[in-house]
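Letters A, B, ... mirror the listed sequences (proteins, then strands); counts begin at 1.
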There are 4 protein chains.
Amino acid sequence: MWMEIDLQSEVPIYTQLVDQLIEGIASEQLKPGDPLPSVRSLAADLGINLHTVNKAYQVLKQDGFLQVHRKQGVVVQPGGMPGTDAAFRAKLARGIRSLAAEAAVRGMSETEFAEQSAAVYRQLTTKGEDAK
Amino acid sequence: MWMEIDLQSEVPIYTQLVDQLIEGIASEQLKPGDPLPSVRSLAADLGINLHTVNKAYQVLKQDGFLQVHRKQGVVVQPGGMPGTDAAFRAKLARGIRSLAAEAAVRGMSETEFAEQSAAVYRQLTTKGEDAK
Amino acid sequence: MWMEIDLQSEVPIYTQLVDQLIEGIASEQLKPGDPLPSVRSLAADLGINLHTVNKAYQVLKQDGFLQVHRKQGVVVQPGGMPGTDAAFRAKLARGIRSLAAEAAVRGMSETEFAEQSAAVYRQLTTKGEDAK
Amino acid sequence: MWMEIDLQSEVPIYTQLVDQLIEGIASEQLKPGDPLPSVRSLAADLGINLHTVNKAYQVLKQDGFLQVHRKQGVVVQPGGMPGTDAAFRAKLARGIRSLAAEAAVRGMSETEFAEQSAAVYRQLTTKGEDAK
DNA sequence: GTGGTCTAGACCACC
DNA sequence: GTGGTCTAGACCACA
């Protein structure tokens, strides 16, 4: 598996997992319908507890990014991803505001900030190209 | 004081304080050298614990946004704000990556995302105009 | 066969089967004495496991809705259905209580709830009319 | 605490907790803003694990029935309960359909069924009167 | 073998 | 003291 966990990080392990799985979908390394490793095998691969993996899967299921089948395991949501609903836009605005404020204080200009945002977005969504 | 605390939020109170103080500096409602309320008075104003305010001030001092004098109290860093050092750029990239990935998955385009970033930045830095 | 299985559902497949067979009897699409498909053929039709179909049949046999003959196969109970015994009334009360409580909390009135119950009952028992 | 857990039941403990808490709100034994016991104390009271209590609280928080504060613990949602949204109406219809089908098969009439529904609803919402 | 549930015990951040 | 997170190990229902 192409995931990496930083056990020393202050950000919870399950959150790291959630982020990386979303990035995997964004970069099309994970496509709708693709199967994901079972909680047990992924936990073993990463050297963490299966409950931690399970929590990440539950969060993503809750948000509509994954489906958990009774027996076949976990798959990437096949029928289209959830859109930019109000909850997400609020979350996005909050996240950007916090980052933008500190960037502004540290002297980064509006265009620099916007370009940085665009650059990170582009890098993410074209990461999958390397794998081809 | 123009700060608002959401006790129900999942984000720690001291973090909300830190964010709002940084936003205050970004919008120039707080200028270099400006005095900040004492730990005691701010805590009383907001109805929160002394330790919580103190922690926020310590974090901001640590990052170089504030100066804490034993006797004269707390002031906004008078000698220029810290710049965009490597640590910040890393933190910024991480923050944006997480947001950008979810935005991409939810169908938001690169330009939409960049424009949203610019819009939030602009709104922040021009908020102070109202107060004039 | 007119049954539909939702593999993504959180409710077990065998429970979905049980429910739909009971609904079939309620709507008189299945009448006392009617033969049911063999475990093998139904499993094949629905693309599920033999054991799953078998478990559903066993549950229904246990409750007295079906008769399972070693050789002749499975038939809908010919000699009258079981009545509203104490066990069922308890199960019914438990089920309704859980639904009614959430309905009440969400602001649905008693009459609304009762009418919804009646409406669903009526829809079920008249569904068979279409097939005629 | 007025809750009772049946460890032998096939229904998960956390689900029993969820149901009873919703019933408590429906009967106004729990009013908006009321504090709930901490996960630790409730777990100790009921003789179960704190994680089990926590799961119940998380489910109810997710559905908007509870708020979890950082430190004051858990309280009943003060600002109005969630309404009868599409998700709930679907869940309600599914639940009633399953019960109504079996009731019909067992010979319970539509009016009996509707009256039983109304009776259970009324008993729930007037239970709080006893406590007065 | 899969996820779901439960237990037990631990450490941490927050306040 | 509160909830949040993580680990470890267990049993069960489902398929």
Side-chain angles (χ1 to χ4, degrees), chain A residues 5 7 9-17 35-44 46-59 61 66-75, chain B residues 5 7 9-17 43 46-56 59, chain C residues 5 7 9-17 43 46-56 59, chain D residues 5 7 9-17 35-44 46-59 61 66-75:
Chain A
I5 295 300
L7 296 175
S9 169
E10 61 179 354
V11 31
I13 296 176
Y14 83 87
T15 304
Q16 296 181 42
L17 275 174
L36 265 59
S38 76
V39 288
R40 279 177 175 78
S41 67
L42 183 52
L46 299 173
I48 60 179
N49 192 281
L50 84 172
H51 291 116
T52 307
V53 175
N54 193 49
K55 175 150 187 180
Y57 279 177
Q58 290 303 320
V59 168
K61 169 192 171 189
L66 298 184
Q67 273 186 359
V68 179
H69 289 64
R70 286 211 123 349
K71 157 143 188 194
Q72 298 101 313
V74 182
V75 301
Chain B
I5 295 299
L7 294 175
S9 168
E10 61 183 355
V11 28
I13 296 176
Y14 87 90
T15 304
Q16 295 182 42
L17 273 171
L46 298 174
I48 59 179
N49 196 293
L50 291 177
H51 299 12
T52 309
V53 176
N54 195 49
K55 175 150 188 179
V59 168
Chain C
I5 295 299
L7 294 174
S9 170
E10 60 183 356
V11 29
I13 296 176
Y14 86 92
T15 304
Q16 297 182 42
L17 273 172
L46 299 173
I48 59 179
N49 196 294
L50 291 177
H51 298 11
T52 309
V53 176
N54 195 51
K55 174 149 190 179
V59 168
Chain D
I5 296 299
L7 296 175
S9 168
E10 61 179 352
V11 31
I13 296 177
Y14 83 88
T15 303
Q16 296 182 41
L17 275 173
L36 265 60
S38 76
V39 288
R40 280 177 176 77
S41 67
L42 183 51
L46 299 174
I48 59 178
N49 193 280
L50 85 171
H51 291 116
T52 308
V53 175
N54 192 50
K55 176 150 187 179
Y57 280 177
Q58 290 302 321
V59 168
K61 169 191 172 191
L66 298 184
Q67 273 187 359
V68 179
H69 289 64
R70 286 213 131 333
K71 156 145 188 195
Q72 295 103 311
V74 182
V75 300

Could you tell me the separation between the [atom1] atom of [X] and the [atom2] atom of [Y], rounded to the nearest 0.5 Å?
X	Y	atom1	atom2	result
A:His51	D:His51	NE2	NE2	9.0 Å
A:Lys55	A:Thr15	NZ	OG1	8.0 Å
B:Leu7	D:Gln72	CG	CD	6.0 Å

Counting just side-chain N and O atoms, does [X] come under 4.0 Å of either OP1 or OP2 of [N]?
X	N	result
A:Lys55	F:dT5	yes
D:Asn54	F:dG3	no
A:Ser38	E:dG1	no

### Message
Among D:Leu17, D:Val39, D:Thr52, which residue satisfies the side chain to side chain contact (heavy atoms under 4.5 Å, CB included) criterion with D:Tyr57?
### Response
D:Val39
### Task
Decide side-chain contact (heavy atoms from CB on, under 4.5 Å) for D:Val75 and D:Leu66; before the verdict, give the C-alpha distance in whole Å, the side-chain angles of both, and the deciding distance to 0.1 Å.
CA-CA 6 Å; D:Val75 300; D:Leu66 298 184; over 6 Å; no
Would you kindly give the [atom1]-to-[atom2] distance between [X] and [N], to the nearest whole Å?
X	N	atom1	atom2	answer
A:His69	E:dG4	NE2	P	12 Å
D:Gln67	F:dT2	CD	P	19 Å
A:Leu50	F:dT7	CG	P	10 Å
A:Leu42	E:dG1	CG	C1'	16 Å
C:Gln16	F:dA13	CD	C1'	15 Å
D:Leu7	E:dT5	CG	P	16 Å
C:Leu46	F:dA15	CG	P	12 Å
B:Glu10	E:dA13	CD	C1'	14 Å

Students often get this wrong, so: under 4.0 angstrom with heavy atoms, is [X] touching a base, only sugar-phosphate, or nothing?
X	value
A:Ile13	sugar-phosphate
C:Tyr14	sugar-phosphate
A:Gln58	sugar-phosphate

Taking the side chain of [X] as its heavy atoms from C-beta onward, which of [options] lies nearest to it?
X	options	value
D:Asn49	F:dA8, E:dA8, F:dA15	E:dA8
D:Val68	E:dG3, F:dG3, E:dC15	F:dG3
D:Arg40	E:dT7, F:dA15, F:dG3	F:dG3
A:His51	E:dA8, F:dG4, F:dA8	F:dA8

### Message
Donor-acceptor check, side chain of D:Gln16 to backbone of D:Val11, threshold 3.5 angstrom: yes or no?
### Response
yes
### Query
What stem regions, each of at least 3 consecutive Watson-Crick or G-U pairs below 3.5 Å, can be found for DNA chain E?
E:1-14 with F:1-14
### Task
Would you mind telling me which residue lines up with the more 5' stretch of DNA chain F, C:Thr15 or D:Ser41, judged by nearest nucleotide?
D:Ser41
### Message
Please evaluate residues A:Ile48 and A:Leu42 with respect to the criterion side-chain contact (heavy atoms from CB on, under 4.5 Å), reporting the C-alpha separation (whole Å), side-chain torsions for both, the decisive distance (0.1 Å), and the verdict.
### Response
CA-CA 8 Å; A:Ile48 60 179; A:Leu42 183 52; over 6 Å; no
### Query
D:Ile13 and D:Asn49: side-chain contact (heavy atoms from CB on, under 4.5 Å), yes or no, with the steps?
CA-CA 10 Å; D:Ile13 296 177; D:Asn49 193 280; over 6 Å; no
